[in-house]
Structures are given as structure tokens and as C-alpha cells.
Amino acid sequence: MKIPPVKGTRDFYPAEMAVRNYIIDGWKKVSIRNGFEEFDSPILEHLQMYTQKSGAEIVEQLFSFKDRGDRDLALIPEMTPSLARMVNQKINSLPKPIKWFSVPRLFRAERPQKGRLREFFQWNIDIIGTDSIAADAEIIFTTLDYLQYAGLSENDVVVKVSSRKLLAAFLKSLSIAENDLPGMYAMLDKKPKMPADTFAAVLNEKLSDKDRASKILAFMETDSLEKIKKSLGVNQKIDDAINELLEHHRLLNEMGVGRFYKFDPGIVRGLAYYTGIVFEVHAVGGELRAICGGGRYDNLLKDFGGPDIPAVGMGFGDCVLEILLREKGLLDKHIKKPELDYFVVSDKSFEENIFFDLVAKLRRNGFITDFSYKTDNLSKQLKTASEKNAKKCIIISKEYSDSKQIIVKDMATGEQQTIPIDKFMDGLINSK
RNA sequence: GUGAGUGUAGCUCAGUUGGAUAGAGCAUCGGAUUGUGGUUCCGAGGGUCGCGGGUUCGAAUCCCGUCUCUCACCCCA
């Protein structure tokens with residue numbers, strides 16, 4: 001009986017594995033050069049970790065089970081709670097700020113669709129223990145550092161930035177109650193999904209107040225910090241939030257990535273735990289969902305039973321990225337076919353057992369080396385060498401039995417030279 | 001969880017109004033060119049036509065169910 005793969009998962013054959021490694025290696029390389037240290041958590045956590053803050057509905061969106069000790073466990077659907085748990089556990093002994101990154105394998109029991117699967121990889125970077133806006137800027141800089149590393153420019157991607165603080169202060173200035181804020185966030189977050197007049201109608205209905213609704217609409221349409229400052233600079237809290245955004249923008253300009261920046265009050269992010277500047281990276285002109293997103297979440301550690309310590313972070317999944325890189329032709333460009341340094345070929349026209357000795361020595365010296373199990377036909381073996389993308393072939397044949405010489409053939413040019421095997425071996429060792 | 005579309009070799013697809021051993025290209029494997037690869041030529045393997053049921057003398061083809069995949073909704077950490 002054939003057993004199918006599990007819904008929403010992927011098989012990584014060598015070709016797909018090369019893509020996955022390319023993406024993840026890039027994430028790690030960029031994290032490290034931006035001063036982040038790698039950590040990892042278990043793939044299982046207590047189910048309670050997710051139900052506690054998000055409610056019971058979330059159980060339907062993750063994979064959970066009871067172990068034999070009757071514990072409710074879950075395959076982790078995100079990394080941030082595990083990070084909070086780990087940091088809280090050692091909070092007093094960790095030097096601050098903490099700059100950590102991770103590339104966990106995550107699971108969500110949703111119905112798969114474009115750019116969303118049930119099993120995926122997600123790059124996370126977090127800075128914990130500072131409320132400096134420079135940290136908010138650095139998270140975005142590091143994200144952009146990767147996107148540029150992958151070959152994307154400001155023509156391909158845009159960072160849309162907003163502020164929960166600004167939005168909250170603005171909504172409160174319209175006498176919307178603190179308790180109603182989460183509901184408002186959820187609604188405003190849906191704006192891009194509906195036509196403008198539908199959104200206006202929904203807003204009117206929700207507020208039952210045309211004046212306030214039109215003010216919110218105007219706010220949501222504003223596309224620059226300067227305009228916001230001019231139209232709203234009436235209230236200390238709003239002013240503070242705007243100044244924070246201006247400083248953040250200034251830092252990104254100074255870091256040389258200001259051209260990617262776009263103020264967009266429509267960026268709300270669904271998650272309730274954000275408290276400050278939030279952002280999403282989107283493909284320019286595409287229909288794709290957000291490539292990645294993040295922001296400041298100053299209450300998270302406290303919410304998970306730790307001290308009141310500020311934090312800012314970003315999460316970046318592999319699925320949408322892969323679609324985008326493929327569309328832009330950046331995968332074929334960056335992922336090389338595997339190559340061999342040497343392919344050793346022989347027609348067995350000699351007695352001595354030199355063949356495997358040579359193969360082993362090449363490998364021990366660090367050369368990627370292979371050979372064919374079929375040793376009858378020279379032309380077959382060379383064909384295999386071509387298929388395996390060998391840079392050079394070593395041919396051991398009658399020159400060896402005649403005078404202990406081997407042929408080194410350059411597969412790109414076809415040139416070959418005959419040299420004594422001892423000389424070749426000495427050259428190998430000296431080349432290291 | 002809701003809705004729409006889809007399913008024929010590993011991949012991309014043919015398959016006449018329901019008719020006999022279901023085809024092609026690519027890929028894979030083998031052979032030819034006997035001291036040298038990429039080209040070419042020849043050949044082979046591989047499909048309970050997603051699965052189950054029904055209609056029919058007869059089903060890849062029509063009907064029902066189910067699953068998969070795709071896309072959208074819900075949700076988005």
C-alpha cells in the first residue's frame with residue numbers, strides 16, 4: 001500500500017534541499033554578521049504555552065497530542081513563546097541586550113494555500129533588554145541585509161512601517177476605549193483585503209459615527225510621517241509616537257536602507273502583543289502575502305511570567321520567500337549544481353591496486369572525488385564524469401602500467417597532461 | 001472549518017460521440033561508436049487512468065461519495 005506524504009508538508013529531494021540550504025544558510029550568515037547568536041528550542045512545547053495567552057481557539061490551529069504521561073503537548077507553531085520561556089529561565093545571568101536568532105521548523109494545522117504550508121521554516125531575530133529605537137532599526141536593517149544578500153532591491157521589496165503606539169494614541173484621541181482597541185486593530189488589519197467603500201461602510205457601522213469614521217479613514221490613507229505630524233500634532237502621546245517613528249526612519253536612512261522605507265498606517269499586524277513600531281516587508285506590485293514582519297513587543301516576557309523587559313523581533317518564513325526568489329530568477333542564479341573536483345577513471349589495464357588508493361588520497365586531501373562502479377568501458381566512465389559535473393578526470397590506463405604515469409584531463413577544455421603518479425601525489429599534499 | 005477548481009508513467013501533456021493489449025516528449029536504465037565525455041542513433045522498464053461505489057454488454061471517458069493538490073475565505077503567530 002502506498003502511503004502518501006502528509007498534507008501541507010514537503011519532501012526535500014536533493015534539488016529542493018539545495019534551495020532550502022541556500023535560504024537557511026543565507027539567514028544564518030546574515031544573522032551572524034549583524035551580531036546575532038544562534039539558539040534553538042525543542043520542537044515540542046506544553047500546549048498551555050499557546051492557550052494561555054491566545055485562548056482555546058488556537059488549539060485548532062496547531063498540532064497537539066497527549067503523551068503517555070497525559071501531558072498536553074504541541075508541535076511549536078512559532079518561536080517567540082519558546083524564546084520568552086528560555087530567556088525568562090536565565091534572565092538574571094544573561095548579558096543584556098540579548099541578540100539571538102533561530103531558524104526553527106514550525107507547524108500550523110491550517111489548510112495549505114499559496115505561501116502557507118503546515119510545516120515550514122522561519123527565521124527569527126530578536127533583541128531583548130533594550131528599548132532603544134536603534135534596536136528597532138537594527139531588526140529592519142538585518143532583515144534588509146538578508147533581502148539584499150538574496151539579490152532583491154528597492155524595486156522588488158518595500159518595508160511598510162507603522163506604530164501601535166501611534167495607532168493607539170490616535171484611536172484614544174477619538175475616545176475609543178482601551179478595551180475596544182484589539183477589536184479595532186483586527187478590523188483595521190483587514191483593510192487591504194476589501195474594496196475602499198466596503199471598508200468605509202464597515203467602519204461606519206462599527207463606530208456608528210460618521211465623523212470619527214472619516215477621521216480614521218483619513219488617518220489610514222496617510223502615506224507620510226510629515227503629513228501625520230501636520231494633521232495630528234495635538235496630543236503629547238501622538239507626538240511622542242511620531243517622533244519615535246521619525247527617529248527610527250532617520251536611523252534607517254543613516255544605515256543606508258532608507259530607500260526601502262514606506263510609512264503605512266495600514267500595517268497593524270494581527271498579533272495582540274505588539275506595543276510599538278511594527279513592520280512588514282512586501283513584494284512590490286505583487287499579489288503575495290507579506291514576506292516577513294515584526295515589531296516591538298515590550299510586554300511579552302512579563303506575559304510569560306518573567307520580568308518587565310522590552311523586546312523587539314522579526315519572523316520570516318521560507319514559503320513566500322521561495323516563491324518570490326523563484327519569480328525573480330534568483331534561485332537559478334545563486335544555486336550551483338554540485339561539482340566534483342576529480343572523477344577517477346580506469347580501464348583496469350594494469351595489475352597494481354592503485355585505483356582506490358588514489359581515490360582515497362584525493363578525498364583525504366579535501367578534494368570532492370568520485371568514480372564509477374563500472375570499470376569496463378572508458379567512454380562510459382567519462383560520460384558519467386560529465387553528468388556528475390566533474391572539473392577534472394584522472395585516467396589510469398596503459399601509461400600507468402608502462403611508466404607509472406596518469407592522465408589528468410580538464411573536462412572544460414578537454415586538455416590533458418600525462419604526469420608521473422608520484423609527482424601528482426606530491427603536488428596534492430603540497431597544495432594543502 | 002467553508003467554498004471553487006483539479007487529478008492519465010518520475011515530469012509536461014494526448015487519448016475521437018463510452019469500444020478491443022492507454023500513447024508522445026522529457027527523465028531513468030541498457031546498447032552502438034572498442035584509448036576519451038557533453039551530440040547523435042537504437043532499445044527497454046515504468047500507469048488497477050487518485051481511491052471506492054454506481055449506470056452500462058462495455059468506463060480513463062457518464063453519475064455519486066471520498067482523498068489529494070491548487071486557489072480563495074476564516075485565521076495569521
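Within every chain, numbering begins at 1; the chains are lettered A, B, ... in the order of the sequence lines, protein sequences first and strands thereafter.
- Partners of A:Asn34 according to the side-chain hydrogen bond (donor to acceptor under 3.5 Å, both in side chains) rule, which considers only residues two or more places apart in sequence or in another chain, are A:Thr142, A:Asp145.
- Contact of A:Lys409 with B:U36 (side chain to base): a donor-acceptor pair of N or O atoms is detected under 3.5 Å.
- Relative to the side chain of A:Arg111, the nucleotides B:C76, B:U70, B:A72 differ in distance, and B:A72 lies closest.
- Distance, A:Phe316 CZ to B:A77 C1': 16 Å, rounded to whole Å.
- Phosphate contact (OP1/OP2 of B:U70, side-chain N/O of A:Lys114, threshold under 4.0 Å): absent.
- We find that A:Lys262 and A:Asp264 are not joined by a salt bridge, their nearest charged nitrogen and carboxylate oxygen being 4.0 Å or further apart.
- Between A:Gln113 and B:C71, a side-chain N or O to OP1/OP2 separation shorter than 4.0 Å is absent.
- Candidate nucleotides B:C75, B:U40, B:U36 were compared by shortest atom distance to the side chain of A:Leu382, and B:U36 ranks first.
- The side-chain hydrogen bond (donor to acceptor under 3.5 Å, both in side chains) test applied to A:Glu138 returns A:Lys99, not counting sequence neighbours.
- In this structure, A:Lys190 has no salt bridge (charged side-chain N to carboxylate O under 4.0 Å, His left out) partners at least two apart in sequence or on a different chain.
- In the set B:C74, B:U36, B:C69, B:U36 carries the atom at the smallest distance from any side-chain atom of A:Ile395.
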Mind listing the side-chain donor-acceptor pairs of residues 23-31 of chain A below 3.5 Å, one per line with the distance, residues two or more places apart or on another chain?
{"from": "A:Lys28", "atom 1": "NZ", "to": "A:Glu38", "atom 2": "OE2", "distance (Å)": "3.4"}
{"from": "A:Ser31", "atom 1": "OG", "to": "A:Trp27", "atom 2": "O", "distance (Å)": "2.7"}
{"from": "A:Ser31", "atom 1": "OG", "to": "A:Trp123", "atom 2": "NE1", "distance (Å)": "2.8"}

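- The nearest whole Å value for the distance from the CD atom in A:Glu387 to the C1' atom in B:G30 is 13 Å.
- Listed candidates were B:G31, B:C76, B:G37. Nearest to the side chain of A:Arg108 is B:C76.
- Side-chain atoms of A:Lys374 lie closest to B:G30 of the nucleotides B:U36, B:G30, B:C76.
- In secondary-structure terms, RNA chain B builds stems of at least 3 consecutive Watson-Crick or G-U pairs, each pair having both distances under 3.5 Å, at B:1-5 with B:69-73, B:10-13 with B:23-26, B:28-32 with B:40-44, B:50-54 with B:62-66.
- The side-chain hydrogen bond (donor to acceptor under 3.5 Å, both in side chains) pairs that include a residue from residues 5-20 of chain A are A:Arg10-A:Asp318, where partners are two or more places apart or lie in different chains.
- Proximity of A:Lys380 to the phosphate of B:G31: a side-chain N or O atom is located under 4.0 Å from OP1 or OP2.
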